[in-house]
2 protein chains.
Amino acid sequence: MTKNKSIFIILLRLLALGATVAAIAVMVTSHDSTVVLNLTFSAKYSNDPVFKYFVVAEAIAGGYSLLVLFLFSKQSKLWRLIIILDVVVTALLISSISAAMAIAHVGKKGNSHAGWLPICGQVPKFCDHVTGSLIAGFAAAIIYLLLLLSSLQAILSPVIALNP
Amino acid sequence: MTKNKSIFIILLRLLALGATVAAIAVMVTSHDSTVVLNLTFSAKYSNDPVFKYFVVAEAIAGGYSLLVLFLFSKQSKLWRLIIILDVVVTALLISSISAAMAIAHVGKKGNSHAGWLPICGQVPKFCDHVTGSLIAGFAAAIIYLLLLLSSLQAILSPVIALNP
């Protein structure tokens with residue numbers, strides 16, 4: 001692996017770490033409340049199992065990114081394991097952001113056929129936080145997909161050279 | 001690649017094709033209706049954008065599986081492209097099944113905090129179809145993840161042998 005490529009990979013992993021930390025921080029601080037017919041209606045991320053799954057997935061991906069940054073070395077004997085774990089973490093990130101975006105879409109637009117009303121009009125601060133968190137989570141998933149494709153390109157290239 | 005391994009891969013791709021076709025067929029035939037206060041309430045998959053995304057993703061994965069089965073050859077020069085496309089199709093399948101499962105969960109359990117009521121009590125036939133379709137879609141995603149890990153194992157092994 002060339003030096004430039006190593007720096008690029010480390011930069012991507014740092015960006016992924018930053019994105020997951022941002023996603024968690026913005027999501028867990030999201031709360032807003034509104035009063036409807038004398039009843040206080042409070043919105044927070046832990047009211048929805050999908051948002052909890054999202055936070056757990058981002059925490060796993062963030063912890064893994066940190067671990068790999070510390071263990072990372074051009075000569076690391078763990079690089080095969082890291083590629084396999086990258087696949088698993090990418091799958092986890094894509095799954096959690098997709099599920100969270102689906103629920104956020106119902107929260108924003110509702111679904112008139114199912115009788116589910118949008119809630120963003122009542123709790124705009126909550127919705128803004130969730131939107132910010134999902135943008136960071138989306139960035140983390142894209143960065144991991146890039147890391148994975150970059151690893152694949154790196155391991156496919158020597159094979160190309162050896163088996164022309 | 002050994003002959004046994006080739007047969008295993010072809011079998012997995014056939015299974016993935018079957019799973020995507022089953023997911024699409026069961027999802028598009030899902031409909032049910034109920035009468036609430038003299039209003040007919042009709043449930044079908046196209047009422048939800050996430051279920052439409054699910055059907056499109058399964059169709060792309062199914063079409064791709066069919067194409068690869070026809071183009072597949074042990075000596076195929078396209079195998080590097082196929083691995084990259086496998087990553088993309090796996091990502092698409094994981095994303096669509098996760099989003100669809102999130103919406104199906106709201107349909108089944110509702111979310112009392114957001115005031116979204118479960119609809120499965122009113123349209124049980126619709127919910128049964130969606131559940132069946134999601135099981136097939138989940139199987140397709142798992143099969144593609146296995147295919148991807150199997151491809152990685154295959155391309156990592158010669159490198160292990162060549163660079164001990």
Side-chain angles (χ1 to χ4, degrees), chain A residues 36 41-44 46-51 53-54 57 79-81 83-84 86-88 90-107 109-119 122-123 141-142 144-145 148-149 151-153 155-160 162-163, chain B residues 36 41-44 46-51 53-54 57 79-81 83-84 86-88 90-107 109-119 122-123 141-142 144-145 148-149 151-153 155-160 162-163:
Chain A
V36 180
F41 169 75
S42 169
K44 53 182 189 238
S46 55
N47 284 348
D48 195 293
V50 169
F51 288 154
Y53 168 51
F54 176 75
W79 68 270
R80 284 179 208 100
L81 178 66
I83 291 174
I84 300 291
D86 278 353
V87 174
V88 176
T90 307
L92 189 66
L93 284 174
I94 291 175
S95 164
S96 63
I97 186 69
S98 303
M101 281 173 88
I103 296 300
H105 184 264
V106 178
K109 302 275 179 184
N111 185 323
S112 57
H113 303 283
W116 301 334
L117 296 173
I119 60 162
Q122 277 80 49
V123 284
I142 295 293
Y144 259 93
L145 203 56
L148 191 61
L149 291 174
S151 299
L152 278 180
Q153 188 259 328
I155 54 175
L156 287 176
S157 303
V159 180
I160 294 168
L162 289 161
N163 305 319
Chain B
V36 180
F41 169 76
S42 170
K44 53 183 188 231
S46 56
N47 284 349
D48 196 290
V50 168
F51 288 154
Y53 167 51
F54 177 74
W79 69 270
R80 286 180 207 100
L81 178 67
I83 291 174
I84 301 292
D86 278 353
V87 173
V88 176
T90 307
L92 189 65
L93 283 174
I94 291 175
S95 165
S96 64
I97 186 70
S98 302
M101 281 173 88
I103 296 300
H105 183 264
V106 177
K109 302 275 178 185
N111 185 325
S112 57
H113 303 282
W116 301 334
L117 296 174
I119 58 162
Q122 277 81 49
V123 283
I142 295 293
Y144 259 94
L145 203 55
L148 191 59
L149 291 173
S151 299
L152 278 180
Q153 188 258 331
I155 54 175
L156 288 175
S157 302
V159 180
I160 294 168
L162 289 161
N163 305 319

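Below, read A as the first sequence line, B as the second, and so on, with proteins coming before strands; counting in each chain starts at 1. Values reported hereafter were calculated over all heavy atoms of this structure, with side chains retained and with hydrogens, waters and symmetry mates removed.
- Heavy-atom distances place both the backbone and the side chain of B/Val106 under 4.5 Å from chain A.
- Applying the side-chain hydrogen bond (donor to acceptor under 3.5 Å, both in side chains) test to A/Ser95 and every residue at least two apart in sequence or in another chain returns A/Tyr53, B/Ser98.
- Proximity to chain A (any heavy atom under 4.5 Å) is shown, for B/Ala43, by neither the backbone nor the side chain.
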Q. Where do A/Trp116 and B/Asn111 land on the side chain to side chain contact (heavy atoms under 4.5 Å, CB included) test, with the steps shown first?
A. CA-CA 10 Å; A/Trp116 301 334; B/Asn111 185 325; over 6 Å; no
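- Rounding to the nearest 0.5 Å places CD1 of B/Ile84 at 8.5 Å from CG of A/Leu148.
- Among the candidates A/His113, A/Gln122, A/His105, the residue making the largest number of heavy-atom pairs closer than 4.5 Å to chain B is A/His113.
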Q.
Determine whether B/Leu145 and A/Val88 satisfy the following criterion, side chain to side chain contact (heavy atoms under 4.5 Å, CB included), listing intermediate values before the conclusion.
A. CA-CA 9 Å; B/Leu145 203 55; A/Val88 176; over 6 Å; no
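- Contact record, B/Ile103 with A/Ala102: CD1-O, 3.7 Å, taken as the closest heavy-atom pair.
- Proximity to chain B is limited to the backbone of A/Leu117, based on heavy atoms less than 4.5 angstrom apart.
- Neither the backbone nor the side chain of B/Ile97 comes within less than 4.5 Å of any heavy atom in chain A.
- Across every non-hydrogen atom of B/Ala114 and A/Ile119, the tightest pair is O-CG2, 3.7 Å.
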Q. Going through the checks in order, is the side chain to side chain contact (heavy atoms under 4.5 Å, CB included) test met by B/Leu152 and A/Leu152?
A. CA-CA 8 Å; B/Leu152 278 180; A/Leu152 278 180; 3.3 Å; yes
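- Not counting sequence neighbours, the partners of B/Asp86 by the side-chain hydrogen bond (donor to acceptor under 3.5 Å, both in side chains) test are B/Arg13, B/Tyr64.
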